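Everything on this sheet refers to the single structure shown next.
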Amino acid sequence: MTMRELTFTAAAREALAEEMARDPSIFVVGEGIGQRGGNFNTTTGLYDLYGPMRLRDTPIVERGFIGMCTGAAMTGTRPVVDFMFVDFILDAVGELINQVAKIQYMSSGRLKMPMVLRGSIGITGASATHHSGSYFPMFVNIPGFRVVVPTNAYDAKGLFKTALRGDDPVIFLEHKSLLNSKTLVPEEEYFVPFGRAAVVREGTSATVVAVGSMVRKTLEACETLAGEGIAIEVIDPRTLAPLDTPTILQSVHKTGRLLIVDETFQPCGIGAEIAAQVVAHGFDDLDAPIMRLNGVYTPTPYSPPLEAAVVPSTVQVTQAIRDLLAE
Amino acid sequence: MTMRELTFTAAAREALAEEMARDPSIFVVGEGIGQRGGNFNTTTGLYDLYGPMRLRDTPIVERGFIGMCTGAAMTGTRPVVDFMFVDFILDAVGELINQVAKIQYMSSGRLKMPMVLRGSIGITGASATHHSGSYFPMFVNIPGFRVVVPTNAYDAKGLFKTALRGDDPVIFLEHKSLLNSKTLVPEEEYFVPFGRAAVVREGTSATVVAVGSMVRKTLEACETLAGEGIAIEVIDPRTLAPLDTPTILQSVHKTGRLLIVDETFQPCGIGAEIAAQVVAHGFDDLDAPIMRLNGVYTPTPYSPPLEAAVVPSTVQVTQAIRDLLAE
Amino acid sequence: MITPTLTTAQYLALYRQMVEIRRTEEQLAKAHQAGLIPGACHTYVGQEAIATGVCAHLTHEDAVFSTHRGHGHALANGVTPREVMAELFGRVTGCSRGRGGSMHLFAPEVGMMGTSGIVGPCILQAAGAGYSARLLGNGTVGVAFFGDGASSNGAFHEGLNLAAIWDLPVIFVCENNLYATEVPFSYATRNTDMAERARTYGMNAYTVDGNDVLAVYAAAGEGIRRARAGEGPTFLDCKTYRTRAHSEGMPSLGTYRTQEELDAWKARDPITTYRTRLLTEEVAFEADFALIDTEVQALVDEGFDFAKSSAYPDPVTVAEHIFSDRQ
Amino acid sequence: MITPTLTTAQYLALYRQMVEIRRTEEQLAKAHQAGLIPGACHTYVGQEAIATGVCAHLTHEDAVFSTHRGHGHALANGVTPREVMAELFGRVTGCSRGRGGSMHLFAPEVGMMGTSGIVGPCILQAAGAGYSARLLGNGTVGVAFFGDGASSNGAFHEGLNLAAIWDLPVIFVCENNLYATEVPFSYATRNTDMAERARTYGMNAYTVDGNDVLAVYAAAGEGIRRARAGEGPTFLDCKTYRTRAHSEGMPSLGTYRTQEELDAWKARDPITTYRTRLLTEEVAFEADFALIDTEVQALVDEGFDFAKSSAYPDPVTVAEHIFSDRQ
Ligand SMILES: Cc1ncc(C[n+]2csc(CCOP(=O)(O)OP(=O)(O)O)c2C)c(N)n1
Ligand SMILES: Cc1ncc(C[n+]2csc(CCOP(=O)(O)OP(=O)(O)O)c2C)c(N)n1
Ligand SMILES: [Mg+2]
Ligand SMILES: [Mg+2]
């Protein structure tokens, strides 16, 4: 395979470009995704190729264009909703939960819902409380969504391609702190399947499931600990729905210890679900309490020192692993 | 204390009537809550006492009137939003999460948000997928809400009174299958505090945390099992945010076994949070895996046999307890 | 002579369609009293001319989106009385396989893309069907049926605007029956001229006598012609009245309607007035109507027996089709 | 003579207010380039006449709700330049204690009930303040400032309608600067006459030259008089232009604005035109302006030093005030 370095954003854009070239029924809606190419350069260059019908700038009507795309997806086209910041689609939750997630079921599979909803998440850069949410637990809780949280360029492209080939609604969440991070990406076409976690580091001392931007910080923490002969296994779920529980159980079977690191809110979060799965199905493997490290349970403050206090740091991840091992 | 029997609905209405008589800044908005007295008789008789300014029929604009009540709560009045079915406020999630839940924090406590949002939840009576949701995990996940799920008339009145005296946004969820259930309610004024679970049955064999309509079914199951000398402790959390974790941990310390029974969806649900809390802080007390019994992970079907297949039955609860004890 | 000029067969087809809706719903009302309908039942009695006049222009490739009062729209689109009745009885032979009931009628094979228990979304989804039609260039149209109550909702504003600015082939049909449950339209807005409001979006709009099937047929015909010709959306404000209760089991007058008002509208019954008109204009004769009435009654009776004797869905299928098979 | 007739002091107060906003934001723009502002910065340069003309009529008991471009509204309401600059620098002395930044300015003590990073909610919240005013009978008004981009959003439709049908004392101020980021208003709607649209809600509405502070002052004065007199809401469509980039750091022309257009509007700068006018009409003289300019510059310089030297918030306070103390 011929490889080249791409940023997360470029890799995801390449996936979109390839699929738009292949499938004329794909169109993108969003604010500034036309000529401007997207607030996060998600569509740069595509407007010149495909024009306004397929790269559709919208007024500020998140509910409106998501509801519109629902009808479009029911009638033979494949909308890609580029919502810029996930915070904005909260105005469309009624359409998402009551319509998008339920149409296939209510029609007994006679209607499909091939819609990809993509945009940025995460606390970084003093983006404050209306531009820093993640909000994925609500979409994991509700049946009918695929929830994808890529953590590197390779996965971003492969998962986005999978999203655009499927017939289910996909919530594709891109952490702002990862958008410019680079990895090697093959020239050749490839897909990353949903529901397949990545074991990004092997180890035997304990298992850490890290979500989104926490993968990098966890790997940094593991480097430090490796020096002390501590071998941590790190799992990146990649998709939160479906969640690859078997891979997590397998790892805990080996290590006997589990920590879940997640920037987002703890109560009823993804860490709670993972802990509940493991204590139900991996109970006998557990040598210690399952621990969770989450961002502080508060709206996101603007001021850098406050923001820094909210997001789990590499130091905190390291300490959390030490605490787990001390149990 | 002089007691009389009241239905859940009558008790909650009594709380509202008492508080409206006491506090002229309380007003109610909703569809049909004026002269009609509410689709679920939540306001019967109050319109004649207080008129249209305080019992305000609205057009079908859930986002609109919740956004309006947000501004009202910031300027000296106490809105009670009567949304009939919780499914309808999904159109207002943007207002709820980005505004209602954050205003106190963003203003550093200089603004209050005394808003009570009340309405029905639950799968029953072939209400189908747009009139049967519960959707509380999303409000538990987000900082800024009190989430109240009363299971009997006594608690309904006492918790509603507490809600109307506080300055925080309260999501007050009334399960349709409980609205006409009766319990004894004192004539005298009383309050049920938030964050205090009720141990509704004491036992030593295992702990079952039952949510909402599942409390009754669990108690039925316990009757059956009592005949076999099995003594189950049953806990009704009453409020999901704040969640009374100490009471649950105490019980598990005694029983060593935990089952969470919840009609709503399992992934990232309240059962996940409870399991995660207990495996983190009660690990050494656990003699068996923590189990969850939830409604089927699917949109709510209409047809009675399908609906019945979705909601956990008393028989299923009984079996789940047996399975837990067999571990 | 009456306009538009149709063949006798066409005139009678409109009559037949209206009668089919009426008889089916009279049967449903009886069935509801008899306890055969486990859930809600919103009848369309008095409004039959609207669905009939609009859908007479549609093919099964066109996409119709409807609301909680959708029996008439399903029937006028070619869903059979047996499928509608079976659905409300919760049977597997229903158009939604028993999963939907009165408010969730799906039959995409005939272009019935679904009715909804949530007020509003159909407006946006019809715009989406229009978007697909433009992108695919297949000459189809999207049609939304909704009530006056939906016109205050944000979905109305966002949906009409999107259809207008992008010249989408969409017909917005407001069934303005003067009330939203018990809330009068004149209370919900200071401007009851909905066609005028629609024109402020830069959209073609007509005010139509919704009890005159020929007036609806003519206005809808022009709107659909324009839509197929690429001349953009059309709005129809169809003035009508529901002569039964909002929902079966509720009072037909309630606290909000007078007997006089009800009687006045019953005197303008769309079926009897149309029948009289065809008779006086000698377009058709008693024998024609008698024949149709008998045929329709037979169809409805047969459908009722079919529905009543149909099986319930198998509970093992309860969670099927939440996701597409395609991965 | 120029209308309205004010005292020289009043004429000059309007000038002073506009200059204070302009100088503060020029300072902020410099600070942004210097890296003193960790987050976003949306300036109000070119639009100062609007906040100035409206807020001149308000007391600190009136409630103002604003949007992402809110510096001018905060300043015109009496928030000091030092508090605004400190806020954007993320300091504890900022009006939001450093929790908000450019898009989240809170100062309820002067009636600044908050700006929002989400487009739309301010419209609904202002209606709610109007509702409180009516219920409490305290003669206050609610004011919403928002952009042309918000007018396509459902919140606009729902909020204007509720204010209209309930005669709420609310002023809706649309700052129509022709673009929503890069999306032209003429693209977002087929009807750019927003006052006409507002009137279709049965609301009093004026089209105003948003660069003429006296025109704004007069129109707002009449609207507020009506509101306080119980004559219901008023809508102001203020035509204006932002002469800087949508957000500091973005190109000021981008792909969507021409140099000609920008220059034409700069020639109509609200401050210089007003100054010239007062001079020609001999209402005031160079010396008056010179004095004000110096005083304001001193105020801004002092504020900048204050802000720059202020402390950051203490991380231990990060989760305070999510809930009220009151239980
Ligand atoms: C978003 C939402 N809010 C509230 C309801 C409850 N509801 C069901 S029907 C109805 C009235 C609808 O009135 P209208 O749109 O005029 O239709 P009609 O019933 O008169 O045919 C209401 C409020 C709902 N279904 N959806
Ligand atoms: C609900 C929502 N969607 C999208 C955005 C992103 N956004 C921020 S400002 C803006 C443009 C707003 O335009 P307008 O309302 O005209 O105000 P202006 O910036 O021109 O002052 C957009 C789309 C947002 N803040 N909120
Ligand atoms: Mg109606
Ligand atoms: Mg603008």
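Just so you know, these numbers use all the heavy atoms, side chains as well, and skip hydrogens, waters and symmetry mates. We name chains A, B, ... by the order of the sequence lines, and we start the count at 1 in each one. A quick note: this is a predicted structure, and the numbers were derived from the prediction, not measured.
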Notebook entry, point to check: Should Val318(C) and Tyr105(A) count as side-chain neighbours, where that means a heavy-atom distance under 4.5 Å?
Noted result: yes

Next item on the list: Counting only heavy atoms closer than 4.5 Å, note whether Gln104(A) contacts chain C via side chain, backbone, both or neither.
Entry: both

Next item on the list: Tell me, for Ser116(C) versus chain A, whether the close heavy atoms (under 4.5 Å) come from the side chain, the backbone, both or neither.
Entry: side chain

Check: Between Ala63(C) and Thr75(A), which heavy-atom pair has the shortest distance, and what is it?
Finding: CB-CG2, 3.9 Å

Next item on the list: Below 4.5 Å from any heavy atom of chain A, which atoms of Cys95(C) appear? Answer side chain, backbone, both or neither.
Entry: backbone

Check: How about Thr77(A) and Arg134(C): do any of their side-chain heavy atoms sit closer than 4.5 Å?
Finding: no

Note to self: Let me confirm one number: the OG-CD distance from Ser108(A) to Glu320(C), rounded to the nearest 0.5 Å.
What the structure shows: 8.5 Å

Note to self: Applying side chain to side chain contact (heavy atoms under 4.5 Å, CB included) to Thr58(A) and Trp166(C), what does each step give before you reach the verdict?
What the structure shows: CA-CA 10 Å; Thr58(A) 67; Trp166(C) 296 332; 3.9 Å; yes

Item checked: Over all atoms of both residues, closest heavy-atom pair of Leu135(C) and Ser25(A) -> CD2-O, 3.9 Å

Next item on the list: Please flag which part of Ile165(C) lies under 4.5 Å from any non-hydrogen atom of chain A: side chain, backbone, both or neither.
Entry: side chain

Checklist line | Nearest-0.5 Å distance that lies between atom CD1 in Ile322(C) and atom CD1 in Ile142(A) | finding: 11.5 Å

Item checked: Pick from Arg56(A), Arg54(A), Met113(A) with the largest number of heavy-atom pairs that fall under 4.5 Å of chain C -> Arg56(A)

Margin query: Distance check, rounded to the nearest 0.5 Å: Ile60(A) atom CD1 versus Glu158(C) atom CD?
Written below: 10.5 Å

Check: Is chain C contacted by the side chain of Phe191(A), its backbone, both, or neither, given a heavy-atom distance below 4.5 Å?
Finding: neither

Notebook entry, point to check: Counting N and O atoms only, with roles assigned by atom type, does the side chain of Gln125(C) sit under 3.5 Å from a partner on the main chain of Gly71(A), one being a donor and the other an acceptor?
Noted result: no

Item checked: Which portion of Leu136(C) sits near chain A, non-hydrogen atoms under 4.5 angstrom -> side chain

Note to self: Would you compute the distance between atom CG of Asn153(C) and atom CZ of Arg63(A) and round it to the nearest 0.5 angstrom?
What the structure shows: 4.5 Å

Check: Can you check whether Ser324(C)'s main-chain N or O pairs, donor with acceptor, with Asp167(A)'s side chain at less than 3.5 Å?
Finding: no

Item checked: chain A contact via Ala319(C) - which portion, at a heavy-atom distance below 4.5 Å -> backbone

Next item on the list: Side chain from CB out, backbone as N, CA, C, O: work out which of these in Asn161(C) comes under 4.5 Å of a heavy atom of chain A, or both, or neither.
Entry: side chain

Checklist line | Residue selection (most heavy-atom pairs with chain A, distance under 4.5 Å) from Gly142(C), Cys122(C), Gly128(C) | finding: Gly128(C)

Check: From Ile103(A) CD1 over to His104(C) NE2, what is the distance, rounded to the nearest 0.5 angstrom?
Finding: 10.0 Å

Item checked: Atom CZ of Arg225(C) with >12 non-hydrogen neighbours under 6.0 angstrom -> yes

Next item on the list: Could you walk me through whether Tyr131(C) and Phe27(A) pass ring-ring contact (aromatic ring centres under 6.0 Å, His included), step by step?
Entry: CA-CA 10 Å; Tyr131(C) 203 90; Phe27(A) 69 100; 4.6 Å; yes

Notebook entry, point to check: In Å and rounded to the nearest 0.5 Å, what is the CD to CG distance from Gln99(A) to Leu124(C)?
Noted result: 9.0 Å

Next item on the list: Sort out for me which of Ala133(C), Ala129(C), Ala127(C) touches chain A most, counting heavy-atom pairs under 4.5 Å.
Entry: Ala129(C)

Item checked: Salt bridge present between Glu109(C) and Arg110(A) (N-O < 4.0 angstrom) -> yes

Margin query: Using a 4.5 Å heavy-atom cutoff, which residues in residues 152-161 of chain A come close to chain C?
Written below: none

Notebook entry, point to check: What are the two closest heavy atoms between Pro59(A) and Leu162(C), and how far apart are they?
Noted result: CD-CD2, 3.7 Å

Check: Of the backbone (N, CA, C, O) and the side chain (C-beta and beyond), which part of Pro24(A) lies under 4.5 Å from a heavy atom of chain C, both, or neither?
Finding: backbone

Notebook entry, point to check: Which pair of heavy atoms, one from Gly76(A) and one from Ser132(C), lies closest together, and at what distance?
Noted result: N-OG, 4.4 Å

Check: Which answer fits Pro79(A), side chain, backbone, both or neither, if we ask what part of it has an atom under 4.5 Å from a heavy atom of chain C?
Finding: neither

